[in-house]
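Excluded from the calculations below are hydrogen atoms, water molecules and symmetry mates; all remaining heavy atoms, backbone and side chain alike, are included.
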Number of protein chains: 2
Amino acid sequence: MEFKHQATVTLAEVAEAAGVGESTVSRVLRNHGSFSGKTRDRVMAAVERLGYVPNRIAGTLASTASRLVAFVIPSLSNIVFPDVLRGASAVLEENRYQAVFSVTDYDPGKEEALAAAMLAWRPAAVMLAGYEHTEGTVKMLRASGCRIVELLDLDGDALDLAVGFSNRTAGRESAAFLLKRGYRRIGYVGHDLDRDTRAGKRFSAFCETLGAHDAPLADREILAGASSVENGRLGLERLLARMPDLDAVYFSNDDMALGGYFHCLARGIAIPSQLAIFGYNGLDIGRATPQPLSTIRTPRVATGQVAAQLVVTNSPPQVVDLGFELIEGATA
Amino acid sequence: MEFKHQATVTLAEVAEAAGVGESTVSRVLRNHGSFSGKTRDRVMAAVERLGYVPNRIAGTLASTASRLVAFVIPSLSNIVFPDVLRGASAVLEENRYQAVFSVTDYDPGKEEALAAAMLAWRPAAVMLAGYEHTEGTVKMLRASGCRIVELLDLDGDALDLAVGFSNRTAGRESAAFLLKRGYRRIGYVGHDLDRDTRAGKRFSAFCETLGAHDAPLADREILAGASSVENGRLGLERLLARMPDLDAVYFSNDDMALGGYFHCLARGIAIPSQLAIFGYNGLDIGRATPQPLSTIRTPRVATGQVAAQLVVTNSPPQVVDLGFELIEGATA
DNA sequence: AAAGAAAATGGCAGCGCTGCCATTATTGGC
DNA sequence: GCCAATAATGGCAGCGCTGCCATTTTCTTT
């Protein structure tokens with residue numbers, strides 16, 4: 001079933017065609033070591049003529065140095081991860097690194113299996129979401145000797161490199177903002193927290209902050225499955241059915257919050273006078289709604305960029321806090 | 001700058017530790033060829049004990065068979081491509097294939113450079129968006145001997161495999177739908193068409209259909225840059241400033257259409273009685289707005305799945321039309 | 001012009017696996 | 001029990017490159 005490549009041109013053939021040694025071709029192509037201009041031209045001409053494409057597999061094996069960077073991400077549906085990939089891939093491409101990825105569906109067991117599969121490619125670095133990994137994953141990563149980058153979460157202990165911001169702080173500041181605005185009967189609509197541990201951290205810090213200000217969370221509605229606009233809408237509908245007199249609702253992210261917002265629009269619930277809405281992520285779409293969404297803008301693309309930069313420069317272990325920005329908006 | 005791996009356990013060491021030959025270890029690990037249960041246990045014990053992780057780089061080189069699949073995609077911001085990747089990666093992971101990707105930013109020159117870089121990894125297949133590639137890209141891909149999959153566009157000639165649907169048909173049916181609903185003064189709001197050639201194909205088929213029914217496009221507003229909700233909002237605002245009596249607007253995609261929708265909400269423009277809105281893509285969010293968006297739902301995830309399936313089964317060259325679904329919605 | 005330094009270049013042993021072939025242990029049939 | 005199958009297994013030559021070292025060529029310098 002696997003695909004076999006047709007006989008391709010090898011470096012040795014280029015060397016022969018150019019009338020030089022193999023190492024010379026290798027030096028010219030990598031622009032490394034010394035060679036004369038004349039030789040370079042002959043080699044490049046042969047490369048062109050034969051349509052030679054270097055074999056990175058062989059090169060990587062021979063040099064035992066890798067320019068692969070592996071991403072093990074929970075999801076591609078949650079815009080967060082494509083954004084991180086986008087930032088990272090731009091930097092990696094500039095530096096002639098290659099990104100490989102696989103998707104865990106927020107399943108730690110799958111994460112372990114996929115991380116193992118990735119390590120088989122001997123990547124220069126493995127990038128993962130957050131700090132929650134199985135013991136097996138951690139052991140494996142540690143033993144691999146490759147760089148480990150944990151993304152989008154700083155509430156925990158880094159294995160090696162970590163880039164992102166504190167979800168707990170985000171949750172706390174969201175609560176503080178709502179309290180400052182005078183809301184006291186605050187509810188929560190969220191998605192599966194066991195899987196999305198970062199949303200869980202925001203939520204628990206949010207609740208603690210409310211509690212510390214004598215305005216404990218009034219009610220919550222947690223929906224199974226991934227976050228979505230429809231789940232946000234549905235969640236708010238259910239929550240309001242139980243507690244019609246809430247004055248603010250915190251959503252697990254902007255997708256959910258937009259669902260809540262649409263629900264209010266459809267039911268004629270005045271925002272924010274009758275009900276305030278607060279999200280998380282700072283999606284662009286939240287800037288274009290009739291009332292801009294009150295939310296927290298997270299540095300998703302920058303997280304990818306910085307993470308990639310640290311890897312290509314082989315920086316020492318460190319934690320980089322990129323912070324976030326609270327957007328007041330008009331819904332809270 | 002490149003990363004060097006620390007001395008890792010090799011297959012030979014496992015063989016020694018298990019007291020068997022190298023080929024036996026290889027057979028056991030790949031579950032290929034024959035070996036006794038006793039031997040398998042000894043090998044697996046040694047693997048476990050030493051923490052051996054097979055080196056796929058070496059394996060791929062030795063077998064000259066690859067389980068890498070390369071994606072060269074225009075963007076990660078446009079949800080279309082993460083969706084395709086999502087579908088594909090699920091199937092690839094099941095079959096122990098590995099996805100690698102890079103992002104062209106809709107730049108054909110960059111596509112060529114990145115395709116060349118990908119071929120250096122000797123992938124089993126290269127997946128690209130659409131049919132518009134430079135001559136150099138085509139020549140290179142053809143010469144590589146690896147499978148080529150062109151995605152999300154069937155209006156042209158396939159190099160090898162093609163999976164998706166016809167954008168021209170989508171444009172035509174969108175126009176037909178609006179005409180059938182009785183709209184006659186129809187405008188268009190779109191993003192950069194030179195780069196997103198698939199949006200361009202939809203638009204031209206849309207216009208042709210209108211023309212064929214004596215209701216030529218009334219006006220258009222094309223915004224530079226990528227599609228976004230904000231650009232859709234802005235585009236509609238500008239269009240209506242010029243032509244306040246339009247009765248319907250076709251948007252280049254749902255992001256843009258949602259921007260238009262929000263603009264109407266904000267300005268109190270009644271939908272669809274005063275102005276109809278039609279999008280493209282069938283995003284989930286369009287189902288949760290107070291009025292569901294009228295649009296075309298495209299099989300993005302399925303496109304990825306089918307493409308991956310064709311590759312892992314090494315299917316003969318073919319074109320697979322997955323079609324699309326027109327969603328009537330409530331905005332047109 | 002000779003000597004020494006620097007620049008160019010070629011040769012070849014691996015990198016860690018897989019595929020092929022040869023060899024050895026088992027098994028079943030009569 | 002003897003022989004032919006069949007199952008298990010080991011050995012080793014590559015896969016296509018890079019890194020190191022030896023060698024040759026070219027340049028400086030006095």
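- If you take CH2 of W121(A) and C1' of dG16(C), they are 13 Å apart, rounded to a whole angstrom.
- With sequence neighbours left out, D41(B) forms a side chain to side chain donor-acceptor pair (under 3.5 Å) with no residue at all.
- If you take CG of L29(A) and C1' of dG16(D), they are 13 Å apart, rounded to a whole angstrom.
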N/O donor-acceptor pairs under 3.5 Å from side chains in residues 18-27 of chain A, not counting sequence neighbours:
unit_1	atom_1	unit_2	atom_2	d
T24(A)	OG1	R27(A)	NH2	3.4
S26(A)	OG	R30(A)	NE	3.2
S26(A)	OG	R30(A)	NH2	2.8

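- Distance, L61(A) CG to dC15(C) C1': 4 Å, rounded to whole Å.
- For T10(B), whose side chain is taken as the heavy atoms from C-beta onward, the closest listed nucleotide among dC17(C), dG19(D), dC17(D) is dC17(C).
- For R30(B) and dT18(C), the shortest distance from a side-chain N or O to OP1 or OP2 is below 4.0 Å.
- The side chain of S26(B) contributes no N or O atom lying less than 4.0 Å from OP1 or OP2 of dC17(C).
- Residue E132(B) comes nearest to E111(B) through the heavy atom pair O-OE1, 3.9 Å, listed as atom of the first residue, atom of the second, then distance.
- To the nearest 0.5 Å, the span separating CG on L154(A) from NZ on K201(A) amounts to 9.0 Å.
- Inter-residue side-chain proximity for L322(B) and V163(B) is flagged as met; some heavy-atom pair is nearer than 4.5 Å.
- Proximity of T60(B) to L68(B): side-chain heavy atoms (C-beta onward) are nowhere separated by under 4.5 Å.
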Notebook entry, point to check: For every nucleotide of nucleotides 5-14 of chain C, 5' to 3': is a protein heavy atom under 4.0 Å from its base (B), only from its sugar-phosphate (S), or from neither (-)?
Noted result: --SBBBB--B
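- Atom CG of N55(B) and atom C1' of dT18(C) are 12 Å apart (whole Å).
- When the C1' atom of dT9(D) is taken as reference, atom NE2 of H32(B) falls 15 Å away, rounded to whole Å.
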